[in-house]
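Working notes, beginning with the structure itself.
Just follow the structure's listing: the first ligand is 1, and inside any ligand the first atom is 1.
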Amino acid sequence: MAWFFGVLAALAAPAMALAQAPLERGRYLVDTVMTCHNCHTPMGPNGPQFDRALSGGLRFDEAPFDVTASNITPDRETGIGNWSDAEIKTALQEGTRPAGHHLAPIMPSGFYGILTPGDLDGIVAYLRSLPAVSNAVPGPVYKQPVAYQVFPGAEKSMSESDFGNKLKRGFYLVTIAHCMECHTPFGPPGTGMDFKNSLGKGGREFPGPWGVSTARNITSSKSAGIGDWSDVEIKRAITQGVRKDSSKLKPPMGYRYYAKMTDEDVEAMIAYLRTLPAKE
Ligand code: HEC
Ligand code: HEC
(Lines give C-alpha, C1' and ligand atoms only; values in the text may rest on other atoms or scores of the structure.)
(Ligands and ions follow the chains in the order given, each with its own letter.)
Protein backbone atom coordinates (compact mmCIF):
# COMPACT_ATOMS: atom_id res chain seq x y z
CA MET A 1 0.00 0.00 0.00
CA ALA A 2 2.89 2.38 0.74
CA TRP A 3 3.68 2.72 -2.95
CA PHE A 4 0.07 3.69 -3.58
CA PHE A 5 0.15 6.61 -1.14
CA GLY A 6 3.53 7.61 -2.53
CA VAL A 7 2.02 7.87 -5.99
CA LEU A 8 -0.93 9.80 -4.62
CA ALA A 9 1.38 12.26 -2.86
CA ALA A 10 3.43 12.70 -6.03
CA LEU A 11 0.29 13.43 -8.00
CA ALA A 12 -1.13 15.70 -5.34
CA ALA A 13 1.88 18.03 -5.10
CA PRO A 14 1.76 19.74 -8.52
CA ALA A 15 -2.03 19.55 -8.52
CA MET A 16 -2.07 21.48 -5.24
CA ALA A 17 0.20 24.20 -6.63
CA LEU A 18 -2.18 24.60 -9.54
CA ALA A 19 -5.27 24.57 -7.39
CA GLN A 20 -3.96 27.44 -5.23
CA ALA A 21 -5.94 30.61 -5.98
CA PRO A 22 -3.94 33.16 -8.04
CA LEU A 23 -4.07 35.74 -5.23
CA GLU A 24 -2.68 33.26 -2.68
CA ARG A 25 0.01 32.10 -5.06
CA GLY A 26 0.96 35.74 -5.73
CA ARG A 27 1.11 36.48 -2.01
CA TYR A 28 3.42 33.50 -1.48
CA LEU A 29 5.77 34.53 -4.29
CA VAL A 30 5.91 38.25 -3.43
CA ASP A 31 6.17 37.82 0.35
CA THR A 32 8.61 34.90 0.44
CA VAL A 33 10.60 33.53 -2.54
CA MET A 34 10.84 36.75 -4.55
CA THR A 35 11.69 39.07 -1.60
CA CYS A 36 10.00 42.14 -3.17
CA HIS A 37 9.78 43.68 0.33
CA ASN A 38 13.56 43.58 0.67
CA CYS A 39 13.70 46.55 -1.73
CA HIS A 40 10.16 47.93 -2.05
CA THR A 41 9.09 48.21 1.62
CA PRO A 42 10.36 51.28 3.50
CA MET A 43 13.13 50.57 5.99
CA GLY A 44 12.75 52.08 9.45
CA PRO A 45 15.19 52.00 12.36
CA ASN A 46 13.54 48.75 13.51
CA GLY A 47 13.49 47.03 10.14
CA PRO A 48 10.95 46.94 7.29
CA GLN A 49 7.75 48.94 7.93
CA PHE A 50 5.16 46.34 6.93
CA ASP A 51 2.27 48.69 7.83
CA ARG A 52 3.31 50.58 4.67
CA ALA A 53 4.26 47.45 2.75
CA LEU A 54 5.65 47.84 -0.78
CA SER A 55 5.07 51.61 -0.83
CA GLY A 56 8.62 52.39 -1.95
CA GLY A 57 11.84 51.75 -0.24
CA LEU A 58 15.53 51.56 -0.72
CA ARG A 59 17.54 54.11 -2.61
CA PHE A 60 20.41 52.90 -4.77
CA ASP A 61 22.74 55.80 -5.50
CA GLU A 62 25.38 54.00 -7.50
CA ALA A 63 27.71 55.02 -10.31
CA PRO A 64 25.47 54.50 -13.36
CA PHE A 65 22.17 55.58 -11.72
CA ASP A 66 20.41 57.00 -8.67
CA VAL A 67 17.10 55.12 -8.29
CA THR A 68 14.62 54.35 -5.53
CA ALA A 69 12.54 51.18 -5.38
CA SER A 70 9.09 52.32 -6.55
CA ASN A 71 5.78 52.48 -4.73
CA ILE A 72 4.06 49.37 -6.15
CA THR A 73 0.81 49.65 -4.16
CA PRO A 74 -2.43 50.50 -6.06
CA ASP A 75 -2.25 54.19 -5.09
CA ARG A 76 -3.21 56.11 -8.26
CA GLU A 77 -1.00 59.16 -7.74
CA THR A 78 2.19 57.71 -6.26
CA GLY A 79 1.88 53.97 -6.97
CA ILE A 80 0.91 51.78 -9.92
CA GLY A 81 -2.89 52.03 -9.53
CA ASN A 82 -3.26 53.43 -13.06
CA TRP A 83 -1.18 50.75 -14.74
CA SER A 84 -2.89 47.98 -16.72
CA ASP A 85 -2.15 44.31 -15.95
CA ALA A 86 -0.14 44.14 -19.18
CA GLU A 87 1.96 47.15 -18.15
CA ILE A 88 2.78 45.59 -14.78
CA LYS A 89 3.74 42.31 -16.47
CA THR A 90 5.98 44.15 -18.94
CA ALA A 91 7.74 45.97 -16.10
CA LEU A 92 8.26 42.66 -14.30
CA GLN A 93 9.49 40.61 -17.23
CA GLU A 94 11.11 43.10 -19.57
CA GLY A 95 12.09 45.82 -17.11
CA THR A 96 10.40 48.64 -19.04
CA ARG A 97 7.96 51.29 -17.80
CA PRO A 98 4.83 52.21 -19.78
CA ALA A 99 6.71 55.35 -20.93
CA GLY A 100 9.18 52.99 -22.57
CA HIS A 101 12.45 53.43 -20.72
CA HIS A 102 14.35 50.66 -19.02
CA LEU A 103 14.33 50.25 -15.26
CA ALA A 104 17.72 50.18 -13.57
CA PRO A 105 18.84 46.54 -13.37
CA ILE A 106 18.62 46.65 -9.56
CA MET A 107 15.03 45.62 -10.30
CA PRO A 108 15.64 41.91 -11.08
CA SER A 109 13.51 41.79 -14.27
CA GLY A 110 16.29 39.93 -16.07
CA PHE A 111 15.38 36.96 -13.84
CA TYR A 112 11.61 37.17 -14.19
CA GLY A 113 11.22 36.14 -17.85
CA ILE A 114 10.99 32.54 -16.60
CA LEU A 115 7.76 33.23 -14.64
CA THR A 116 4.83 31.06 -15.75
CA PRO A 117 1.74 32.92 -16.99
CA GLY A 118 -0.13 31.64 -13.92
CA ASP A 119 2.48 33.00 -11.51
CA LEU A 120 2.51 36.37 -13.31
CA ASP A 121 -1.28 36.58 -12.96
CA GLY A 122 -0.94 35.73 -9.28
CA ILE A 123 1.66 38.46 -8.66
CA VAL A 124 -0.52 41.06 -10.40
CA ALA A 125 -3.62 39.93 -8.48
CA TYR A 126 -1.78 40.22 -5.17
CA LEU A 127 -0.29 43.66 -5.94
CA ARG A 128 -3.79 44.88 -6.82
CA SER A 129 -5.13 43.59 -3.50
CA LEU A 130 -2.67 45.60 -1.39
CA PRO A 131 -3.88 48.65 0.54
CA ALA A 132 -3.05 51.79 -1.48
CA VAL A 133 -0.38 53.80 0.33
CA SER A 134 0.35 57.37 -0.69
CA ASN A 135 4.13 57.75 -0.76
CA ALA A 136 5.96 59.64 -3.49
CA VAL A 137 9.47 58.32 -4.03
CA PRO A 138 12.11 60.41 -5.84
CA GLY A 139 12.17 59.84 -9.60
CA PRO A 140 15.07 57.96 -11.19
CA VAL A 141 18.25 59.56 -12.52
CA TYR A 142 20.11 57.56 -15.14
CA LYS A 143 23.67 58.77 -15.53
CA GLN A 144 24.90 56.31 -18.17
CA PRO A 145 23.21 53.60 -20.22
CA VAL A 146 23.49 50.18 -18.59
CA ALA A 147 23.31 46.94 -20.55
CA TYR A 148 20.16 44.94 -19.83
CA GLN A 149 21.11 41.42 -18.89
CA VAL A 150 18.88 38.37 -19.05
CA PHE A 151 19.79 35.48 -16.76
CA PRO A 152 20.62 32.36 -18.82
CA GLY A 153 17.52 30.13 -18.70
CA ALA A 154 15.16 33.04 -17.96
CA GLU A 155 14.64 34.00 -21.63
CA LYS A 156 11.19 32.48 -21.72
CA SER A 157 8.54 31.31 -19.30
CA MET A 158 8.76 27.82 -17.88
CA SER A 159 5.92 25.36 -18.23
CA GLU A 160 3.96 24.64 -15.06
CA SER A 161 4.22 20.94 -15.87
CA ASP A 162 7.95 21.22 -15.04
CA PHE A 163 7.12 22.02 -11.39
CA GLY A 164 6.84 18.27 -10.78
CA ASN A 165 10.55 17.84 -11.62
CA LYS A 166 12.56 18.68 -8.49
CA LEU A 167 15.64 20.05 -10.28
CA LYS A 168 13.64 22.17 -12.72
CA ARG A 169 11.48 23.46 -9.90
CA GLY A 170 14.66 24.28 -7.95
CA PHE A 171 16.11 26.15 -10.92
CA TYR A 172 12.86 28.09 -11.31
CA LEU A 173 12.82 29.10 -7.65
CA VAL A 174 16.53 30.02 -7.47
CA THR A 175 16.03 32.12 -10.62
CA ILE A 176 12.97 34.07 -9.43
CA ALA A 177 14.60 34.50 -6.00
CA HIS A 178 17.43 36.16 -7.97
CA CYS A 179 20.02 34.38 -5.79
CA MET A 180 22.54 34.54 -8.62
CA GLU A 181 22.27 38.31 -8.96
CA CYS A 182 23.98 38.76 -5.60
CA HIS A 183 26.05 35.59 -5.64
CA THR A 184 27.73 36.08 -9.06
CA PRO A 185 30.61 38.58 -9.43
CA PHE A 186 30.85 41.15 -12.21
CA GLY A 187 32.89 40.35 -15.31
CA PRO A 188 35.14 42.91 -17.05
CA PRO A 189 33.73 46.49 -16.92
CA GLY A 190 30.54 46.94 -18.95
CA THR A 191 29.81 43.22 -19.29
CA GLY A 192 27.57 42.81 -16.23
CA MET A 193 27.51 39.71 -14.08
CA ASP A 194 29.73 36.86 -15.24
CA PHE A 195 27.09 34.09 -15.25
CA LYS A 196 29.08 32.14 -17.83
CA ASN A 197 32.32 31.67 -15.89
CA SER A 198 31.54 32.52 -12.28
CA LEU A 199 27.95 31.46 -11.57
CA GLY A 200 27.42 31.36 -7.80
CA LYS A 201 31.07 32.12 -7.01
CA GLY A 202 30.29 35.04 -4.66
CA GLY A 203 32.42 38.11 -4.09
CA ARG A 204 30.01 41.00 -4.61
CA GLU A 205 30.12 43.52 -1.78
CA PHE A 206 27.05 45.07 -0.16
CA PRO A 207 27.66 48.15 1.99
CA GLY A 208 24.92 49.25 4.43
CA PRO A 209 24.22 50.07 8.06
CA TRP A 210 25.56 46.57 8.85
CA GLY A 211 29.04 47.44 7.49
CA VAL A 212 30.01 45.57 4.33
CA SER A 213 28.82 42.04 3.65
CA THR A 214 30.30 39.94 0.87
CA ALA A 215 28.14 37.41 -0.96
CA ARG A 216 29.59 33.94 -0.48
CA ASN A 217 30.50 31.14 -2.82
CA ILE A 218 27.40 28.90 -3.03
CA THR A 219 28.68 26.49 -5.69
CA SER A 220 29.25 22.80 -5.01
CA SER A 221 32.97 23.40 -4.29
CA LYS A 222 33.86 21.47 -1.11
CA SER A 223 36.63 23.89 -0.12
CA ALA A 224 35.30 27.31 -1.18
CA GLY A 225 31.55 26.70 -1.53
CA ILE A 226 28.82 24.73 0.21
CA GLY A 227 29.68 21.33 -1.29
CA ASP A 228 30.47 19.80 2.10
CA TRP A 229 27.45 21.29 3.90
CA SER A 230 24.54 18.97 4.70
CA ASP A 231 21.06 19.74 3.36
CA VAL A 232 20.05 20.74 6.90
CA GLU A 233 22.95 23.22 7.11
CA ILE A 234 22.13 24.79 3.74
CA LYS A 235 18.46 25.03 4.68
CA ARG A 236 19.37 26.75 7.95
CA ALA A 237 21.51 29.31 6.08
CA ILE A 238 18.77 30.09 3.54
CA THR A 239 15.85 30.23 5.97
CA GLN A 240 17.46 31.36 9.26
CA GLY A 241 20.61 33.14 8.17
CA VAL A 242 22.89 30.90 10.21
CA ARG A 243 25.93 29.42 8.48
CA LYS A 244 27.61 26.07 8.99
CA ASP A 245 29.97 27.47 11.67
CA SER A 246 26.92 28.94 13.50
CA SER A 247 27.80 32.56 12.72
CA LYS A 248 24.95 34.83 11.63
CA LEU A 249 24.56 36.12 8.05
CA LYS A 250 24.22 39.85 7.51
CA PRO A 251 21.78 41.62 5.16
CA PRO A 252 20.85 41.92 2.37
CA MET A 253 20.55 38.10 2.23
CA GLY A 254 16.76 37.77 2.55
CA TYR A 255 16.39 34.81 4.93
CA ARG A 256 13.60 36.65 6.78
CA TYR A 257 11.46 36.08 3.67
CA TYR A 258 12.86 32.71 2.60
CA ALA A 259 11.96 31.45 6.11
CA LYS A 260 8.31 31.21 5.06
CA MET A 261 8.93 29.10 1.96
CA THR A 262 7.46 25.58 1.95
CA ASP A 263 9.88 22.76 2.85
CA GLU A 264 9.30 21.28 -0.57
CA ASP A 265 10.44 24.49 -2.27
CA VAL A 266 13.54 24.91 -0.08
CA GLU A 267 14.50 21.28 -0.75
CA ALA A 268 14.09 21.78 -4.51
CA MET A 269 16.34 24.85 -4.33
CA ILE A 270 19.01 22.89 -2.46
CA ALA A 271 18.84 20.02 -4.97
CA TYR A 272 19.47 22.52 -7.77
CA LEU A 273 22.30 24.33 -5.91
CA ARG A 274 24.11 20.98 -5.57
CA THR A 275 24.30 20.80 -9.37
CA LEU A 276 26.17 24.14 -9.71
CA PRO A 277 29.67 23.48 -11.08
CA ALA A 278 32.31 24.01 -8.37
CA LYS A 279 34.20 27.33 -8.53
CA GLU A 280 37.23 27.89 -6.33
C1 HEC B 1 16.85 44.12 -5.42
C2 HEC B 1 15.81 45.12 -5.26
C3 HEC B 1 14.44 44.85 -5.90
C4 HEC B 1 13.67 43.70 -5.80
C5 HEC B 1 13.99 42.40 -5.07
C6 HEC B 1 12.46 43.99 -6.53
N7 HEC B 1 12.50 45.26 -7.05
FE8 HEC B 1 11.03 46.16 -8.18
N9 HEC B 1 12.23 47.79 -8.44
C10 HEC B 1 13.43 48.02 -7.78
C11 HEC B 1 13.92 49.34 -8.13
C12 HEC B 1 15.21 49.98 -7.60
C13 HEC B 1 12.97 49.90 -9.02
C14 HEC B 1 13.06 51.27 -9.72
C15 HEC B 1 14.08 51.21 -10.84
C16 HEC B 1 14.18 52.48 -11.64
O17 HEC B 1 13.59 53.49 -11.23
O18 HEC B 1 14.84 52.48 -12.69
C19 HEC B 1 11.92 48.90 -9.20
C20 HEC B 1 10.79 49.05 -10.00
C21 HEC B 1 9.70 48.20 -10.01
C22 HEC B 1 8.48 48.42 -10.77
C23 HEC B 1 8.20 49.63 -11.68
C24 HEC B 1 7.29 50.59 -10.92
C25 HEC B 1 7.36 52.03 -11.35
O26 HEC B 1 6.57 52.85 -10.83
O27 HEC B 1 8.20 52.37 -12.17
C28 HEC B 1 7.63 47.39 -10.48
C29 HEC B 1 6.22 47.18 -11.01
C30 HEC B 1 8.32 46.52 -9.55
N31 HEC B 1 9.57 47.04 -9.30
C32 HEC B 1 7.77 45.37 -8.98
C33 HEC B 1 8.50 44.46 -8.21
C34 HEC B 1 7.96 43.21 -7.72
C35 HEC B 1 6.51 42.76 -7.86
C36 HEC B 1 8.99 42.56 -7.10
C37 HEC B 1 8.99 41.16 -6.52
C38 HEC B 1 8.44 40.15 -7.41
C39 HEC B 1 10.16 43.41 -7.19
N40 HEC B 1 9.81 44.55 -7.85
C41 HEC B 1 11.41 43.08 -6.66
C42 HEC B 1 14.09 47.13 -6.95
C43 HEC B 1 13.68 45.82 -6.67
C1 HEC C 1 20.32 40.71 -2.13
C2 HEC C 1 21.50 39.85 -2.26
C3 HEC C 1 21.34 38.37 -1.99
C4 HEC C 1 20.38 37.52 -2.49
C5 HEC C 1 19.22 37.84 -3.40
C6 HEC C 1 20.71 36.22 -1.98
N7 HEC C 1 21.82 36.26 -1.19
FE8 HEC C 1 22.67 34.67 -0.23
N9 HEC C 1 23.99 35.92 0.67
C10 HEC C 1 24.13 37.29 0.39
C11 HEC C 1 25.21 37.82 1.21
C12 HEC C 1 25.69 39.26 1.20
C13 HEC C 1 25.71 36.75 1.98
C14 HEC C 1 26.84 36.79 3.01
C15 HEC C 1 26.35 37.49 4.26
C16 HEC C 1 27.40 37.50 5.34
O17 HEC C 1 28.52 37.03 5.10
O18 HEC C 1 27.12 37.96 6.47
C19 HEC C 1 24.92 35.57 1.61
C20 HEC C 1 25.11 34.30 2.15
C21 HEC C 1 24.50 33.14 1.70
C22 HEC C 1 24.78 31.79 2.17
C23 HEC C 1 25.82 31.41 3.23
C24 HEC C 1 27.06 30.87 2.55
C25 HEC C 1 28.28 30.81 3.43
O26 HEC C 1 29.28 30.24 2.97
O27 HEC C 1 28.27 31.35 4.52
C28 HEC C 1 23.98 30.93 1.45
C29 HEC C 1 23.92 29.41 1.56
C30 HEC C 1 23.20 31.74 0.56
N31 HEC C 1 23.53 33.08 0.73
C32 HEC C 1 22.28 31.24 -0.35
C33 HEC C 1 21.40 32.04 -1.09
C34 HEC C 1 20.32 31.51 -1.87
C35 HEC C 1 20.01 30.04 -2.08
C36 HEC C 1 19.63 32.58 -2.37
C37 HEC C 1 18.36 32.61 -3.16
C38 HEC C 1 17.25 31.86 -2.56
C39 HEC C 1 20.34 33.78 -1.92
N40 HEC C 1 21.39 33.41 -1.15
C41 HEC C 1 19.96 35.07 -2.25
C42 HEC C 1 23.36 38.02 -0.48
C43 HEC C 1 22.25 37.56 -1.17
Next on the checklist: Ring centres under 6.0 Å, that's the criterion: do His101 and Tyr142 meet it?
Outcome noted: yes

Considering only protein heavy atoms, which is closest to [atom], and at what distance to one decimal place?
{"atom": "atom 17 (O) of ligand 2", "value": "Arg243 NH2, 2.7 Å"}
{"atom": "atom 38 (C) of ligand 2", "value": "Cys179 SG, 2.7 Å"}
{"atom": "atom 41 (C) of ligand 2", "value": "Tyr258 OH, 3.4 Å"}
{"atom": "atom 28 (C) of ligand 1", "value": "Ile72 CG2, 3.6 Å"}
{"atom": "atom 12 (C) of ligand 2", "value": "Ser213 OG, 3.5 Å"}
{"atom": "atom 3 (C) of ligand 2", "value": "Cys182 SG, 2.7 Å"}
{"atom": "atom 32 (C) of ligand 1", "value": "Met107 CE, 3.6 Å"}
{"atom": "atom 33 (C) of ligand 2", "value": "Met253 CE, 3.4 Å"}
{"atom": "atom 22 (C) of ligand 2", "value": "Leu249 CD1, 4.0 Å"}
{"atom": "atom 14 (C) of ligand 2", "value": "Thr214 O, 3.3 Å"}
{"atom": "atom 34 (C) of ligand 1", "value": "Cys36 SG, 3.6 Å"}

Considering distance alone, does some N or O of [X] sit under 3.5 Å from an N or O of ligand 1?
{"X": "Tyr142", "value": "yes"}
{"X": "Ala104", "value": "yes"}
{"X": "Thr35", "value": "no"}

Checklist entry - Side chain, backbone, both or neither: which part of Phe65 comes within less than 4.0 Å of ligand 1 when only heavy atoms are counted? => result neither

Which atoms of ligand 2 have any heavy atom of [X] under 4.0 Å away?
{"X": "Met269", "result": "38 (C)"}
{"X": "Lys250", "result": "15 (C), 16 (C), 18 (O)"}
{"X": "Ile238", "result": "35 (C)"}
{"X": "Leu273", "result": "35 (C)"}
{"X": "Ala215", "result": "11 (C), 12 (C), 13 (C)"}

Checklist entry - Under 4.0 Å from ligand 2, counting heavy atoms only, is it the side chain of Trp229, its backbone, both or neither? => result side chain

Next on the checklist: Does only the side chain of Ile218 get under 4.0 Å from ligand 2, or the backbone, or both, or neither? Count heavy atoms.
Outcome noted: side chain

Item to check | Pairing of Asp66 and Arg59 as salt bridge, 4.0 angstrom limit | outcome: yes

Item to check | Ion pair check, Arg128 and Asp85, cut-off under 4.0 Å | outcome: yes

Checklist entry - Is there a heavy atom of Ile234 sitting under 4.0 angstrom from any atom of ligand 2? => result no

Checklist outcome for this item: Thr68 heavy atoms within 4.0 Å reach ligand 1 at atoms 14 (C)

From [options] - option closest to [atom] by heavy atom:
{"atom": "atom 8 (Fe) of ligand 1", "options": "Glu87, His37, His40", "answer": "His40"}
{"atom": "atom 6 (C) of ligand 1", "options": "Ser109, Ala177, Pro108", "answer": "Pro108"}
{"atom": "atom 31 (N) of ligand 2", "options": "His183, Met180, Glu181, Met261", "answer": "His183"}

